[in-house]
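For reference, the structure discussed in these notes is given below.
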Amino acid sequence: MARRLVRCTSAGNLLDADDTEPASLQAGEQDMQNSFLPGLLGRRKLQLPETPTKSQECKARIGRVTVKLKKGLVYDEEVDAIVNSTSQTLTLGAGNASRAMLQKAGSSIQDECNRKYPKGIQFGEVAETGGGNLYCGYIFHGCLKYWTTEESNDVEQILTDFVTLCLERGDELHINSMAIPALGTGFLNFPAKNVVRRLVQCVKDFEMSHKSTSLTEIRFVIFPKDTKTFEEFENEFNRYSYSILYKPGSKGNFPTKPKDVECSLDSLMIKLVAGTLVNQKVDVIVGTVPPLKEPGTNQTSKEIIRAAGSGLEAEFAEKYPPGIDIGDVISTDSHAIRNVETMYFGALPTYAARERDQNLQALTLLVQMCLNKLEDDGHKTVAIPTLGVGDFKYPVRMSAATIVSAIKDFCRANQCSDISTIIIVVDIADYDFSNIWKVFEAEVVKITPPKMKNAAPIILPKPPPTRGSRDWFSLMYEEELCVPSYWTTYTGGENIKVCKRKRNRRPYRLVAVDEATRNLVVKLVEDTWDYRHVGHGNDAKGLDQLMYRKIRVTKVERVENLDLYESYVQERQRFFDKARTRGRPTPIANIAKSSGNIKTSTIISSHKSGAGFTSDIYPEINEHFVFHGTLADTMDSVLTQGLDCRMSRGTAMFGQGAYGAESSTKADQYVDRKENRQKIPHQMLLVRMCLGDICLYDLPVAHRRAPCKRCRNDNCKAHKPKDFYDSVVGDGKWLFREFIVYDKRQAYPEYLITYERV
């Protein structure tokens, strides 16, 4: 909940948005103080903020967030939170702007900064205080660097990080409104055009990743006399108006309605109209819901329910209590929507880049099943929305191309159809209306009458390539790099680069796993444990003195490190490309003299939760889970930087590499030093490892990298083109099999397992 707002009766003035003054500008500071400080700090009569005229304020929309641009003093705004730029030491009286704010807010703000942040803050970080005597509940303080042409990108990225953290903190506090000054445009020398572009992009990224946020109003507040900065901000608003922003017009918050676009396919009329789905005068309108969900869980179905009334919800609950699944299309009464006879509902999955083909096939199937049902039910006209766009996150171009293609395929296969009109409705109230309209318009106008000589069955999209085929490896190589769907620190399925722009500055987070994942990890630990070999072998020296037969897992946490994961999946894509051009690597179980499949993979494949656990694991390139043990004092380094081969022992059996094991017994040997074995809580890792082309040894051979396939020399200069293995597996007469990679990008520490020796 936002704090209770406290009003005060003092007023002040604000020079600019920044408090950090570079040395080169301090020479004229006295003149500036003489000119402005009487208005900033002197005693003055109560004066209410000037009511903005029409030229002093404009409004725009970014999704659900209303963005206002206005002239004024940021600390006079009646909002839940304001943003303030100050120095690293959080000395609020050191600069003119924050000094003016401090004068009005009261000394409690400075006291709170001193108490909570005695060492100050770093560039881009946020210090949070109460609002004191201001009209706000919170103040978010931060410090920015001085802008120069040479360091512009780095300095502006600090601005982006700071504003993003402010927005995310506002969302965590469940506040509704925030005021942001023209950060950086004063003493810090930021070009106003660069600042507004960064601010708008921050708001856009925030809105896209926080669809249910309570933060729905953001104000950009420009110092009243800074006309030049205001004009730059206003120009940038206008530049964005065609896509993510539009200004309110005289007839409400909607843009000008474009003319309908019509195109004929023999006797079928296809129309693209701007408007509202429920207002179309047709026989049938089509709505979508997520799989096995009731209407009202997404925007389109909410609008239909709002127009149809409670009767639709009751009918749906009675006839389809578990919801509908992908591939099903059901019909309902129109209830209070008198301009249609009936309504169809179908289910769509949320779009994910790694499941693109399946998602687009589901969209095609939905369109064609609706048209088939329309034909079977004897209806002639139908209105469909821009299916998939919005809540379901389908890219607009993919949605438009898929819908139009599905309609054309239906027409090609049903030349004697009685359907006369298909209307595609672009919601004119959508914040991205202009962009959606342009994309759908471009697809509709490309429609040409198909040849109807020979009727053919409905053509579904080409099925996705078979896993492990050359086409499949090509598809995986070209795939967009996205956050795993099961991660929680970041939005699953979102582009990694987008996430990195908005990420928290911590290098990694440890996240408690769900019960199914925990149970499977525990099973891996227990089923690969071999008590007969505890204390056996050179690396297990001293363990036999502890007299324990098993280990008990007490905690399982997932490691979410975006930098490490990005590096890992980029390297994994290189493996896909290699498999595409040179052929699939031999599975480890099929290599001569191999002991068989990796134990962890065998256990996972037979477990009821195995499919979900390995949804992002590809055995086609020999990607598997293995255990890794390391000392407690190096664990943080591993979680931050990965399994750096340079830090391993050069005397190891197969050289200086990153080692993994299929047995938890083997990993347990490395969690403490041989001379100091203890029965205390320890930690080991369950690591993803891309083994690719495997070189199998039954005798120890030290390498600096995986060797040449022809001569098994790790520094081969004789054979061209060079073709090296990707990893080494030690599989001989040893107690345990070991898996070695020589590039840290081939391993990602995914799960941290805390356990006890018992």
Query raised in the report: Roughly how far, to the nearest 0.5 Å, is the CE atom of Met684 from the OH atom of Tyr755?
Result: 4.0 Å
**Report entry** Heavy atoms from other residues, nucleotides or ligands near NZ of Lys599 exceed 12 (cutoff 6.0 Å)
**Finding:** no
Query - Side-chain donor-acceptor pair present, Asp731, Tyr697, cut-off under 3.5 Å - result: no
Query raised in the report: Within a strict 4.5 Å, meaning less than it, do heavy atoms of the Lys500 and Val483 side chains meet?
Result: no
Query raised in the report: Can you tell if the side chain of Tyr751 reaches within under 4.5 Å of the side chain of Val559, non-hydrogen atoms only?
Result: no
Report task. Tell me, yes or no, whether the heavy-atom count around Lys555 atom NZ, taken from other residues, nucleotides or ligands under 6.0 Å, exceeds 12. Result -> no
Report summary line: Ser399 and Leu363 have their tightest heavy-atom pair at CA-CD2, 4.0 Å
Report task. Decide whether Asp714 and Tyr742 meet the rule of one side-chain donor and one side-chain acceptor closer than 3.5 Å. Result -> no
**Report entry** Pair Thr754-Gln683, side-chain donor/acceptor within less than 3.5 Å
**Finding:** yes
**Report entry** Modelled atom types, side-chain donor and acceptor of Asn495 and Glu480, under 3.5 Å
**Finding:** yes
Query raised in the report: Is the backbone N or O of Pro484 less than 3.5 Å from a side-chain atom of Asp616, with the two atoms forming a donor-acceptor pair by type?
Result: no
Query raised in the report: Would Asp205 and Gln201 count as a side-chain hydrogen bond (donor to acceptor under 3.5 Å, both in side chains) if you check the C-alpha gap in whole Å, the side-chain angles of each, and the deciding distance to 0.1 Å?
Result: CA-CA 6 Å; Asp205 290 343; Gln201 189 62 45; 2.9 Å; yes
Report task. Check for a donor-acceptor pair, side chain of Ser615 on one end and backbone N or O of Ala611 on the other, with a separation under 3.5 Å. Result -> no
Query - Within 45° cone of Phe724 ring axis and under 6.0 Å: Arg705 NZ or CZ - result: yes
Query raised in the report: Would a 4.5 Å heavy-atom cut-off, applied to side chains only, mark Thr600 and Asp527 as touching?
Result: no
Query raised in the report: With a 4.0 Å cut-off, would you call Glu623 and Arg688 a salt bridge?
Result: yes
Query raised in the report: Rounded to the nearest 0.5 Å, how far does NE2 of His607 lie from CZ of Phe613?
Result: 10.0 Å
**Report entry** Worked check of ring-ring contact (aromatic ring centres under 6.0 Å, His included) between Tyr748 and Tyr565
**Finding:** CA-CA 7 Å; Tyr748 178 74; Tyr565 182 76; 5.7 Å; yes
Requested in this report: State the CD-CD distance between Glu750 and Glu560, to the nearest 0.5 angstrom.
Outcome: 8.5 Å
Query - Nearest atoms (heavy-atom pairs only) where Glu443 meets Ala400 - result: CG-CB, 3.7 Å
**Report entry** Spatial distance of atom CE (Met689) from atom CG (Asp726) [nearest 0.5 Å]
**Finding:** 12.5 Å
Query raised in the report: Are the side chain of Thr528 and the backbone of Ser664 linked by a donor-acceptor contact shorter than 3.5 Å?
Result: yes
Query raised in the report: Is there a side chain to side chain contact (heavy atoms under 4.5 Å, CB included) between Ile604 and Phe625 once you walk through the steps?
Result: CA-CA 9 Å; Ile604 292 171; Phe625 277 111; 3.9 Å; yes
Report task. Flag the pair Glu441 and Lys438 as a salt bridge only when some basic side-chain nitrogen lies within less than 4.0 angstrom of an acidic carboxylate oxygen. Result -> no
Query raised in the report: Taking it one step at a time, do Leu631 and Tyr670 satisfy side chain to side chain contact (heavy atoms under 4.5 Å, CB included)?
Result: CA-CA 7 Å; Leu631 298 174; Tyr670 302 99; over 6 Å; no
Report task. Examine the side chains of Asp577 and Gln573 and answer whether a donor and an acceptor come within less than 3.5 Å of each other. Result -> no
Report task. Decide whether Thr160 and Arg198 meet the rule of one side-chain donor and one side-chain acceptor closer than 3.5 Å. Result -> yes
Requested in this report: Calculate, to the nearest 0.5 Å, the distance between atoms CZ and OG1 belonging to Arg558 and Thr517 respectively.
Outcome: 7.0 Å
Query raised in the report: Using the ring of each side chain (for Trp, its six-membered ring), is Phe576 parallel, tilted or perpendicular to Tyr618, with breaks at 30° and 60°?
Result: perpendicular
Report task. Please determine if Lys666 and Asp530 form a salt bridge, counting it only when a charged side-chain N lies under 4.0 Å from a carboxylate O. Result -> no
Query raised in the report: Less than 6.0 Å separating the ring centroids of Tyr508 and Trp487?
Result: no
**Report entry** Check: Asn372/Gln368 side-chain N/O donor and acceptor closer than 3.5 Å
**Finding:** no
Query - Side-chain touch Tyr394/Leu387, heavy atoms, less than 4.5 angstrom - result: no
Query raised in the report: Between CZ of Arg745 and CG of Leu643, what distance do you get to the nearest 0.5 Å?
Result: 14.5 Å
Query raised in the report: Got Pro349 and Ile326 here, is their nearest side-chain heavy-atom distance under 4.5 Å?
Result: yes
Query raised in the report: Do you see a donor-acceptor pair shorter than 3.5 Å between the side chains of Tyr568 and Asp563?
Result: no
Report summary line: For Phe739 and Arg737, the nearest pair of non-hydrogen atoms, with its separation, is CZ-NE, 3.7 Å
Report task. Evaluate side chain to side chain contact (heavy atoms under 4.5 Å, CB included) for Glu494 paired with Tyr490, printing each intermediate quantity in order. Result -> CA-CA 8 Å; Glu494 189 171 10; Tyr490 309 94; 5.9 Å; no
Query raised in the report: With no hydrogens and no angle check, do the side chains of Asp471 and Ser474 hold a donor and an acceptor under 3.5 Å apart?
Result: no
Requested in this report: Identify the heavy atoms of Asn622 and Pro587 that sit nearest to each other, and give their distance.
Outcome: OD1-CA, 3.6 Å
Query raised in the report: Does atom OH of Tyr477 have more than 12 heavy-atom neighbours, drawn from other residues, nucleotides or ligands, at distances under 6.0 Å?
Result: no
Query - Presence of salt bridge, Arg584 and Glu620, under 4.0 angstrom - result: no
Report task. Taking all heavy atoms of Met653 and all of Pro700, pick out the closest pair and write down the distance. Result -> CG-CB, 3.1 Å
Query raised in the report: Quick one: are Pro290 and Thr350 in side-chain contact, heavy atoms under 4.5 Å?
Result: no
Report task. Could you walk me through whether Arg710 and Asp723 pass salt bridge (charged side-chain N to carboxylate O under 4.0 Å, His left out), step by step? Result -> CA-CA 8 Å; Arg710 297 177 66 181; Asp723 190 8; over 6 Å; no
Report summary line: Between Cys370 and Val286 the two heavy atoms that sit nearest each other are SG-CG1, 3.9 Å
Query raised in the report: Does the pair Val521 and Glu526 meet the rule for a side chain to side chain contact (heavy atoms under 4.5 Å, CB included), with working shown?
Result: CA-CA 9 Å; Val521 173; Glu526 293 177 347; over 6 Å; no
